[in-house]
Amino acid sequence: MAGVMNRLKNLDAYPKINDDFYRRTLSGGLITLASSIVMLILFFSELRLYLHPVTESQLRVDTSRGEKLRINFDVTFPALACSIVSLDSMDISGEQHLDVRHDISKRRLDSYGNVIETRQDGIGHTKIENPLQKHGGRLAHNETYCGSCYGAEASDDECCNSCEEVREAYRKKGWAMTDPNIIDQCKREGFVQRVKEEEGEGCNIFGFLEVNKVAGSFHFVPGKTFRQSGFHLQDLLVFQGDTYNISHKVNRLTFGDHFPGVVNPLDGVQWTQETLSGMYQYFIKVVPTEYTYVKGHVIQSNQFSVTEHFEKTEAGRTQSMPGVFFFYDLSPIKVIFTEQHVEFLHFLTNVCAIVGGIFTVSGIIDSFVYHGQRAIKKKMEIGKFG
């Protein structure tokens, strides 16, 4: 048994030295204090990384199909009234939504940017005050109101009971309603007066769109958009002048839900028009993104990059309309972020590396300082220093 104990003693890699042979120095104490502080700082840094999840990223081909893309927007036009700003969306699959109104709200702004009124988009219902019937006479007491569509009826029994319904019938026909003064419904609703009263005001339009997950575009334009001979045109009202100031500020634009670390490059971007009216275009590359929290909750969202271009409106060009246009395309690559906790053994390994590494380096520095001091002291004693 004693032989085994002696063999174990011979394996001791940490031989002990009698306390009488230890020599403590001031430099050794300073180095020990400094190394202890560094050791504690690195330890708590490693502990913080262990307690908080880290995010790993990877790239994959996006194989999702048949999904919808949600576009959240909040855009301010300081020089366009809410009554003339409309929103359209379309995509390469051929789906179009002209003059979108659902899930959208508008705020009327004064010249200082203060909110005058907030309302859901839409003009409202007609006022039934002795209106003109479709057959030409005035509404009698016992009659049901059926307003004329002024030649834009799709069928003989179709009625247009409000100014908006007349404008919508014109749009479907590919006609522009340039003078609402001749439309009985618009006159009774005070549409022209309302638009004129809002001259000089601005508009903040916000809401969201649900579109197909394919390349497409959406745009904010003055007037109502309609199709004619394969082109998109606008019924720019005759009383609204020849030019439109499309200065704007994008308060928020996102493609999907928020997730940690997302950066939306257009948030807070502002552009001021200094020339005649034109098309301000944003070309957006949407990157599908999946974010998985450490507890397993998954968010399907998107990131995007953007470039900008301004094109002046040229007279006679049917494809050059004043407005703010957002063209988006989808990347085939999907970014996947996953939150993960550092494993305990990995944490323990890093802590041991910190302690051992600092202890070794500080020992080397202490030995260098100690022997250097002794060499200098000896030379000073024999008078050879300097």
Side-chain angles (χ1 to χ4, degrees), residues 71-88 99-101 103-124 127 163-164 167 176-181 186-209 218-225 234-254 264-282 306 308-313 315 320-326:
I71 305 173
N72 306 294
F73 59 85
D74 183 349
V75 184
T76 298
F77 297 91
L80 284 180
C82 288
S83 57
I84 66 170
V85 177
S86 64
L87 170 64
D88 306 324
D99 196 21
V100 179
R101 295 178 179 275
D103 303 317
I104 292 173
S105 297
K106 291 180 178 179
R107 292 192 185 107
R108 291 173 57 195
L109 307 176
D110 61 20
S111 57
Y112 299 100
N114 300 315
V115 177
I116 301 173
E117 177 192 13
T118 301
R119 66 170 184 262
Q120 288 294 118
D121 198 12
I123 297 298
K127 299 176 182 178
C163 183
E164 278 303 307
R167 296 184 74 194
M177 189 178 73
T178 56
D179 189 4
N181 281 311
C186 296
K187 286 193 296 183
R188 286 185 295 100
E189 290 179 18
F191 175 72
V192 175
Q193 181 182 358
R194 179 178 181 176
V195 173
K196 288 184 176 180
E197 287 176 353
E198 292 185 11
E199 284 186 8
E201 292 182 1
C203 185
N204 172 229
I205 179 170
F206 60 95
F208 67 90
L209 295 170
F218 64 97
H219 48 262
F220 301 91
V221 293
K224 185 185 286 287
T225 305
Q234 291 166 262
D235 64 342
L236 304 177
L237 304 178
V238 294
F239 49 83
Q240 281 293 312
D242 298 326
T243 61
Y244 293 87
N245 187 342
I246 59 169
S247 299
H248 61 276
K249 180 180 180 181
V250 182
N251 303 304
R252 184 173 71 101
L253 180 66
T254 63
N264 300 309
L266 284 181
D267 286 4
V269 170
Q270 187 169 356
W271 179 78
T272 302
Q273 180 174 310
E274 298 177 352
T275 61
L276 297 176
S277 62
M279 300 172 60
Y280 200 86
Q281 301 167 315
Y282 294 97
V306 63
E308 307 168 27
H309 175 68
F310 176 70
E311 180 180 346
K312 292 182 181 179
T313 301
S320 182
M321 301 185 296
V324 180
F325 293 74
F326 296 84

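These numbers come from a predicted model, not from an experiment.
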- Note on the structure: When rounded to the nearest 0.5 Å, the distance separating OG of Ser83 from CZ of Arg108 is 8.0 Å
- Quick one: sort the His248 and Phe77 rings into parallel, tilted or perpendicular, breaks at 30° and 60°. tilted
- Message: Please check: side-chain N/O of Asp267 versus main-chain N/O of Leu253, any donor-acceptor pairing under 3.5 Å?
- Response: yes
- Message: With rounding to the nearest 0.5 angstrom, report the OG to CH2 distance, Ser247 to Trp271.
- Response: 6.0 Å
- Task: Look only at the side chain of Gln273 and the backbone of Ile246, and say whether a donor-acceptor pair between them is shorter than 3.5 Å.
- Result: yes
- Query: Quick one: does Leu109's side chain get under 4.5 Å of Thr76's, heavy atoms only?
  - Reply: yes
- Do the side chains of Asn72 and Arg252 get nearer than 4.5 Å, heavy atoms only? yes
- Item | Over all atoms of both residues, closest heavy-atom pair of Cys82 and Lys106 | O-NZ, 3.0 Å
- Message: Working to the nearest 0.5 angstrom, can you tell me the gap between Lys249 NZ and Asp74 CG?
- Response: 9.5 Å
- Item | Nearest atoms (heavy-atom pairs only) where Pro322 meets Pro222 | O-CD, 3.3 Å
- Item | Spatial distance of atom CG (Asn245) from atom CG (Leu80) [nearest 0.5 Å] | 7.0 Å
- Member of Val75, Leu266, Asn204 meeting the side-chain contact (heavy atoms from CB on, under 4.5 Å) criterion with Asn251: Asn204
- Residue pair Ile116 / Glu201: nearest heavy atoms and the distance that separates them: CD1-OE2, 3.7 Å
- Tell me, with the steps shown, if Val100 and Phe218 meet side chain to side chain contact (heavy atoms under 4.5 Å, CB included). CA-CA 10 Å; Val100 179; Phe218 64 97; over 6 Å; no
- From Phe220 atom CZ to Phe73 atom CZ, the distance as rounded to the nearest 0.5 Å: 4.5 Å
- Rounded to the nearest 0.5 Å, what separation is found between the OH atom of Tyr280 and the CZ atom of Phe325? 14.0 Å
